[in-house]
Structures are given as C-alpha cells and as structure tokens.
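Presented below is the structure to which this report refers.
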Amino acid sequence: MPTITFAKADLEKALGRSINEKILERISFLGMPVEHVDDKEIVIEVSPNRPDVLSLHGFSRAMRSFLGIKIGLQKYTAKPSSYKVIIDKQVQQVRPFTVCAVVKGLKLTDEKIRELIDLQEKVHITFGRNRKKIALGIYPLEKIKFPIRYTAKKPEDIEFFPLEINKKLTANQILALHPTGRKYAHLLEGQKLYPLFIDAKNQIMSMPPIINSNTVGKIDLQTKEVFIECSGFDFSYLSKSLNMIVAALIDMGGVAYQVTLQYVTKKVTPQLEPERMKLDPAYAEKILGVPLKPAQVKILLERMGFGYDGKTASIPSYRADILHPIDLVEDIAIAYGYENIPEKIPHVATIGKEDAAAVYENKIRDVLTGYGLLEVKNFSLTNKKEQQEMVLQNRPVLEIENAFSEEYSVLRRSFLPSLLATLKRNKHNEFPQHIFEIGTVFKDDCKEERRLCIALCNTDTDFTKIKQILDGLMQALNKPFVLEEAKDYASFINGRVAIVKVNNVNVAHIGEVHPQVLTNFELEMPVAVLEMNLELMK
Amino acid sequence: MGGTEDLLAKLHPLERKVLPFLHEGVSFEELVEKSKNKPVEVMRALQWMQNKGIIAIQEATKDVATLDKNGIDYAKRGLPETRFLKALTKKLSEQELAKKADLKKEEVNVCIGLLRRKNAITIQKENKKLVFALTPEGEKIKEHLPEQEFLRALPMPVDQLTSEERFIYTDFLKRKNIVKKETAKKISAHLTEMGRKIIKEKIHDDYIDKLDIDMLKSGSWRGKKFRSYDVLANVPKSYFGKKHFENEVIDYVKKIWLELGFQEMKGTMMQSAFWDLDCLFVPQDHPAREMQDTFYLKNRQYQFSKEEKELAKKIKAVHENGWQTGSKGWQSSWNEDTARKMLLRTHTTVLSAQTISKVQQLPAKFFSVGKVFRNEALDWKHSFEFYQVEGIVIDEHANLQHLKGYLREFYAKMGYDKIRMRPSHFPYTEPSLEVDVFHPVKKEWVELGGSGIFRPEVVKPLLGKDVPVLAWGLGLGRLFDYFDIKDIRDINRNDVKQLRSMKLWLK
C-alpha cells in the first residue's frame, strides 16, 4: 500500500488542530492506519482506492470533513477559457486520450512544488499503474503557446531536451540513456509512433508517458500558472485523475480553467461538477444493521465529503472509488464509526459439516501416530532435481513460470523425495525416525491428488516393517487388499517393492528404497516407504 | 542412611553376583574371573554399586607389552631364529636352510647376525658356498630360546618385566611388528565404609527381580522379597507418535467454525485467474496479479466448462460496465486470456466464490482452512506457502453487526480478548474491515486478517441475486506465540527433535 509522509506542522496547520492521540486514532478509523509518528513527521498508509488523499491538501480535505471541521460537498469550479488542445488521429494507436486543464493564481513554495511532484508520482504509481494507465504532466503556462497538439511521431523525428539534461536527445536516446527513459521504455515497446505534446511554437513539451521537456516542462518558484495534461487509454479514468490534481491545486489557492479538447467531437475538461448516484437509506441500514434516519445518513455522508438530499448523493468529481451505492454505504459506515456498530451473532440455524476427506485423513493420522509415527509437513514447491534425478525418476513435473529460486520452482509430483530430504536433514537426530506426511501432489494435467506417504528409517528397517503398518492401516480402514510384485520402480530395490491393490485398483506401493537413492540423499540407514493415493481410498 | 537392609534389597542380580567377591582393591579382572560374568556385566554392577555408595572405582592406566601382527605368527610358528636353529640338524647351505626353515632372504640375514652374536652357529665356506652348522651352545638353546619364551609369556605389564625380558622387549620393538606397547586400563574397586559393612552381610539371592508369568501362575512370589528399584534414576527417553503441531491448530480452528454451524469447503490449490481474481472483481490490471506477487504455472491454460463460459460473459460485463449490479464496473476492457492463466491460489477466497456459485439453499455458512501461495522468497517472517482461515455467511439478513460478531467470537476462542476492527480496503469487499489484535508482549496492534461484505459485483454474477455475503480471510494467529516460534521457517523445518519436543495444542 502507498504511504504518504507529512510534516507534522504542515498537517496541523492544514487541519487547524494539533495532532494528538485522539486525532491519530481518528485517522486510523478513517481507514488509513498511521504507520509512524514522531515530533516532526507523520506517515500514513493510504488504501489504493483513494488516490484523492495522496497529497497534504487532499488528505486534510478528507480529514477536515471527517472530524466535522468543514463537512459536506465542497464546491470546485473551472472557468471556461479559449485554451485549446488538438488531438491528432496518429495518437489513437499509441495512447489515444488526453484530458487537460489550466490553473492560475498559484503562489508556489518549495513545499508546494514538492507536494505536487510527490502527488504526481504517487498517482503515477498507484492509480496510474506505473504510468501505464495514466501519465501526468505539469507545465509552466508562460513558456508554452496555445493551441497545443497531442500527436505522435516516428522516434527518429523526435529530438528535445529531456528533464534534468542539458543536451538534446533523440527519442531512442532518451529511452536508452535517460534514467527515467530506461525505467519506462517498456511502455512504448513495439510502437512505431511515440506520443508527443507540441505547442504552437512547435516546441516539444513532452513525450508521454516517459518524460517532459527540460525547457518548457518544468515548474519552479516563479511559476504562477500551469498547464496540466493527463494521457492514457480511458477518458473517464483520466478525467478522475485530472480532477484530483486540479482539486488539490484549487485547495492551494489556484483558479482552474477549462481546456477545449479537439477530438473528432469536441470535449471540455476538467468537469468538476459532482456526479450523482441514487442511494436508498434503507440499503445503508440493511448493510450496517443499525437504524438510520435519512437525516442521519445525510450527516454521515457529509462527514465523508458528499452531498445528500435524502435520495441522491452528490459525489465529488475527484472521488474515483464510488462505483456502486455500496461504496457510499461503506463511507457511511466509516463516518458512523466501525467501533460504534454493535457485535451480534444471529440465531441462524445452519448445520456444521466437516469435509469427509478431511475426516478420513484424520483417521489415518490416528492410526499412524498410534504406531508411533511422527507427522511432518513439507512445502508443495520443490525442485526438479529432487523430484526426478535424485529418486531415479523422470515423470514430468509442473513448473512455475516465475519462481523466485531454482530450489522452489516445481510442484511436487511425489512425496518420496520430500520425505527422504526430511530424513537427510535429520541425520544428526535420534533414531528411529519413522515419519509420515499427508498432503497434495500436483500432476502434469493440472489435477491434484491427496496422498499419504510413510517413511520408516532405522537400522532394522525392512520390507516387513512397512508391510506390518500397511496391514494394520488397511485393516483399520476396512480395505481388504492384495499385493502384487512390482517391476520398474527405479526408486526401490528390485524384488522388494509391491503394488497394493484394492478392488483391483492400484492404490499404493510399498518397498525398500534403493541404496543409490539413499546415497543421493546422503542417507546411511535403510528406508522403507509406503506411498498411497488417498483419492482412491474413499 | 537407610542401613544395609534397604541397600541389600535394592541390589540388582548382577550386583548380587559380584558382591561376594569384593575385597579392598580387588581388580576388575579378578571379579570377572571369579563371578563368571561377562566383563560388561561386571562393569555395570560396579558402576551401580559405586552409585549406591558401596565402592569407589579406581582407574589406573598401565603400559602392556603385547604381540603385534608378526609376533602372533612367530608365537605359533616360532621366531625366524628358532626355526633357523631347529632346521640345522646337519650342515646346510644358505638356500637349503632358507627352504627348510621357510625363511626369506632378509630373515636369514637377520638370523645370521643374531645367532652369531649368541655364538650358536658356525659359518664355513665350502665349494664357494656358505655352509651353516650348530655349535654346542646352539644345540643347548635351540629349544629354549629366551626370545621365544618371552613371546609366549606376552602380554605382560611393561613395569613388571625383568631386566632380561626388558632387553628382549627393547630389541623386539626395533624389529618389524613383533611386539607393541598398549595402554591398558586397570580398574579396581575400593570399599567404602558402607561397602565394608555390606560384604559382611549374608547376600540373599532369593529377591525377586522381574515379576514373571511363572511366578504369578505358581504363586512362587509369596513370602519373597522384591528387589527395590532406584526409582529416582533417569530412564532413557521414549517418544510417542504425533500429529504436526500446525495441524493441531488447524483442527482446533475447524472445530470453532463447525461448532458455529459452518460447513467445510474444499477445493484445489491450482486455480484459474478467473476464479481466483476475476470472479472476485479484482481488476485485470491490479498489482496483485503481477508476476512478483502471484505464482503462475508455466504453459498451462484453464479450460472453461459450459457453465463457466456463461459465467465468464457476466464477469466480463461486470468488469467492463457493472452488468446488472448497478455498478459502473472498472470501465476497462476485460480479457479472457488473462482470466485463463493458471496460478497457485493467492487466497482461499477463491473457494468462497466457487461455493457461492453452487449454493442451493440460504442462509448458508461455510469455512475452510487452506494453503495459499504468494510469490515471496523465504525468510524469517515471509513464506510462500501459508494457511488462511476463510469463512462466508450467505444470508439475506446478514449485516456488519454479524460480521463483527463472528470475528469477535473466533478471536476470543483463539485466545485474543483485545481486538479492534477498523476500515480497510479490498477489491472484493465493501464495506471492508481489518482485524487488529493487541499483542500482549509486543504491546502493539498487529494486523491479523481482512474481512468485509462481498460487493454486489462479486455476488450477483455468482449467485444470480444480490445477497449480503459476509466474508473473511484470516491468518492462523496464535500459532507463533503459542509454540514460541520466532522464525516462520520453523513451521516447516521438520526437525524430528523439534517435533518430538513440541508441546501439544492444549485447547
């Protein structure tokens, strides 16, 4: 989850309250746990569905209404203007949409610039899925000339000064050499044309989603007016992101202006009017389980920054997480306070039932622990070498596409290797070591199978010993069986391995492990094994 | 002190056999010989008697001259010089002699030097050959060569050798593998005050040691005394068979839900992204789907059944536009190939989704305790395989109060009295709720599990209607504290010693 770090003094100033234990607890009950707090700083975890609180201004806006300092829907507006961005059809294939805004009257300080850049980066990472879905650019208005064109060109035709570099680079040089270029180059992989913002003086402003121009795409303390663009693949998704940034800038004291976007049909952004959604107070009552009057629902929604007229909620244009009335209900619950909702176990008559296979497995555990065996539990993930080479087998195993290490890169097909590896790790411990495991094996056809595996290991271990346990177990489970000599079980000594058949179906095999296999596991003690398919035993 | 009477009753049969032969400073060998017991039995008896305060065992080491490899042979066949002398019944040449006495050339050479010094042989040259003959001195000593006598007398303590024997011994040490020096332990028993008393007592051997079947049948135990045991003595450890401690906790957790009327859900660990993520309204570009969080199977794709194909249409619509749920959906296109990827389930919530799609009658309550996988390297606090406690309540009348009630009950039964439930976020629940427990030792809130009410976008396509479904996916919790596990890897360490010594889950 993303975190945001505020200077404690800044947050206190923005809230108009001093940060005490009570306030910190309230922050947690807004659904944003306080990760760390000291005299200077406060670090807060933000749910990924609330990018609108990823800035000091956004966060304190939410907190002010939650604390009751300033509740209800806040009015944000953008004035009409003649600013225009023309969208060429070449970008359609690469990054089809942009939404834009202008904000004036800003008095930027170092802190505010840092907050803006930080917000931009956090939105990129979370809501923007590392710039894939959203790339944001902020430009000093005085350095660019309208109308702006959002277009796309061949990489070899692109050349400009990228941020933090005093040298003109081509598009491909930027992707190959510039640290930011290298980081995001994969987003343009395979594209014939790269997207560009170009102003009326034909200056390249940026190459989204990679980087801005160092000449016209960098704000500083002198910047009072900015142009903001947001590019990606989904118009409404982009609009939300733009609204978040614009609302934060308005909170900083700016005045927003709309920009006309010349697509095939004309569009205008930002649209800061609240969205409307129907909400029946009874729905909230039903989910929370507490009685709620419409007036109370109104107050609770206002505490979360919404408006409500008893039927319809007004949703701030920067909230991206309200997909369904249930999302409003959650906010009502948060405002009501999870801690204030009573706890109750309803009297609903349902009958508990354990899984039959799990019951059966526990019976087997009882028999085996009665024999003095010790249960072990190995991981499902293991490696090819252990599953095949070391036990002289070559059955195919399922591989993990993205394993973090070779040691755990396949799913286990057989239990024998796991138990032998367990014995290997226990060589220094007291014998006898008679162990068993019940678990799942994974087959090549993506089928799973529950298995039992027993390994006896002591100086006097032999076929008789494992057969005795098989006899006892099968008698306990009321499964008459016959044994059949087995051939071609390479992991076992030839002539000392048998198949166990129940109603003419192979359910298990037992045998003495081949000395070469024991040597492969560095074992110096005989081992006898039973491996049983529990699916066939039910 | 219990007196000699008590002590006599405690004597083990072996001790009773050895005791009559005890006297001050008696040697171990003497006791073995006289008691006619095996050395190991005598040793054990002595140790027990020492523990009982009857004797003190003294050990002294001693150098002993013993036969070496060739020495053993020479003791049987005779030393080369003995064989040399005995072969000389008449004058013989070197070859004749070597053959008759079965000597090697270099042995002959050694013998010549030796026997000439003893003045036992003469050497003459006849027909350009060396010819040997016995002297009278040789005739005299050939049957009683001191060297040969010495070999026969071995082993002997080095400090008991006469000056002549010592001379031979030193000489032999220079020759190849005839004798060697061994350090032997000399064990002797010395009587304590109690010991001196006890050897004067009459030793009864009619104490009963082991009560056997015959005695019980015949009643021969009547009127006899039983040997007393040292009941305070340590006994060797013996181990019982045992379930894995993690499974004990799992069984307990299962019992909690069964008692609350929940039915167990089961399902596979290999799942499609469709069931694990798409049916739970996790957007297809959600970070949790990325390679670094989820294990995908190589070259495997899920095949939809006929019913699943129908369901997939609804899931696509829910993601793209909310379908008939009243939601706006994620408003981005949904891709079937992404959904058909095979993975190791990232949560047991996948079982909840599958269960909802099949449930027949409401209200219904289900639970599972199952393994889940996260693509994380193994270290002391992270594992790629761990358990999740899952639960759902599908009930027209279910609400947040009930959710809080079930969670409170569960954690109380797990031994956590102080818990708090606060807002959180998961893509498939709304409202979402996180449970923190107050850790009594660390004195801080620790996150233990996520929960909430499934979104209509999850429930409606699966169930056909929008019914509140309470849902949770919790950690196993107490496992670590209760078993004093500091390192998550210790759960699957499978160390036999650790498993044997682990206390049981006593709930």
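Reckoned from all heavy atoms, side chains included, excluding hydrogens, waters and symmetry mates. Residue numbers begin at 1 in each chain, while the letters A, B, ... track the order of the sequences.
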Cut-off 3.5 Å, side chains only: do A:Glu449 and A:Thr440 have a donor facing an acceptor?
no
Tell me whether the rings of B:His319 and B:Trp334 are parallel (<30°), tilted (30 to 60°) or perpendicular (>60°).
tilted
Regarding A:Asn378 and B:Asn492, is there a side-chain donor-to-acceptor distance under 3.5 Å anywhere?
no
Give, as side chain, backbone, both or neither, the part of B:Asn299 having an atom under 4.5 angstrom from any heavy atom of chain A.
neither
Is it the side chain or the backbone of B:Asp466 that comes within 4.5 Å of chain A heavy atoms, both, or neither?
side chain
Contacting moiety of A:Ala357, where chain B heavy atoms sit under 4.5 Å
neither
Which members of residues 359-372 of chain A, sorted by number, sit under 4.5 angstrom from chain B on a heavy-atom basis?
A:Asn362, A:Arg365, A:Thr369, A:Gly372
Considering only heavy atoms, which portion of B:Ile453 lies under 4.5 Å from any heavy atom of chain A: side chain, backbone, both, or neither?
side chain
Donor + acceptor pair across side chains of A:Ser418, A:Arg412 (<3.5 Å)
yes
Does any backbone or side-chain atom of B:Leu343 lie under 4.5 Å from a heavy atom of chain A? Answer side chain, backbone, both or neither.
neither
Residue-level interface, residues 337-347 of chain A with chain B, non-hydrogen cut-off under 4.5 Å
A:Tyr338, A:Glu339, A:Ile341, A:Pro342, A:Glu343, A:Lys344, A:Ile345, A:Pro346
Side chain, backbone, both or neither: which part of B:Glu396 has an atom under 4.5 Å from a heavy atom of chain A?
both
Test A:Phe379 against every option in B:Phe386, B:Phe373, B:Phe295, B:Phe384 by the ring pair (Phe, Tyr, Trp, His ring centres under 6.0 Å) rule and name the one that passes.
B:Phe384
Quick one: do the B:Asn247 and A:Lys377 side chains pair a donor with an acceptor below 3.5 Å?
yes
Turns out that what part of B:Arg455 lies under 4.5 Å from chain A's heavy atoms comes down to side chain
Around B:His397, counting heavy atoms of other residues, nucleotides and ligands shown, do more than 12 lie under 6.0 Å from its NE2?
no
Is B:Ile394 close to B:Lys365 at the side-chain level, that is, under 4.5 Å between some pair of heavy atoms?
no
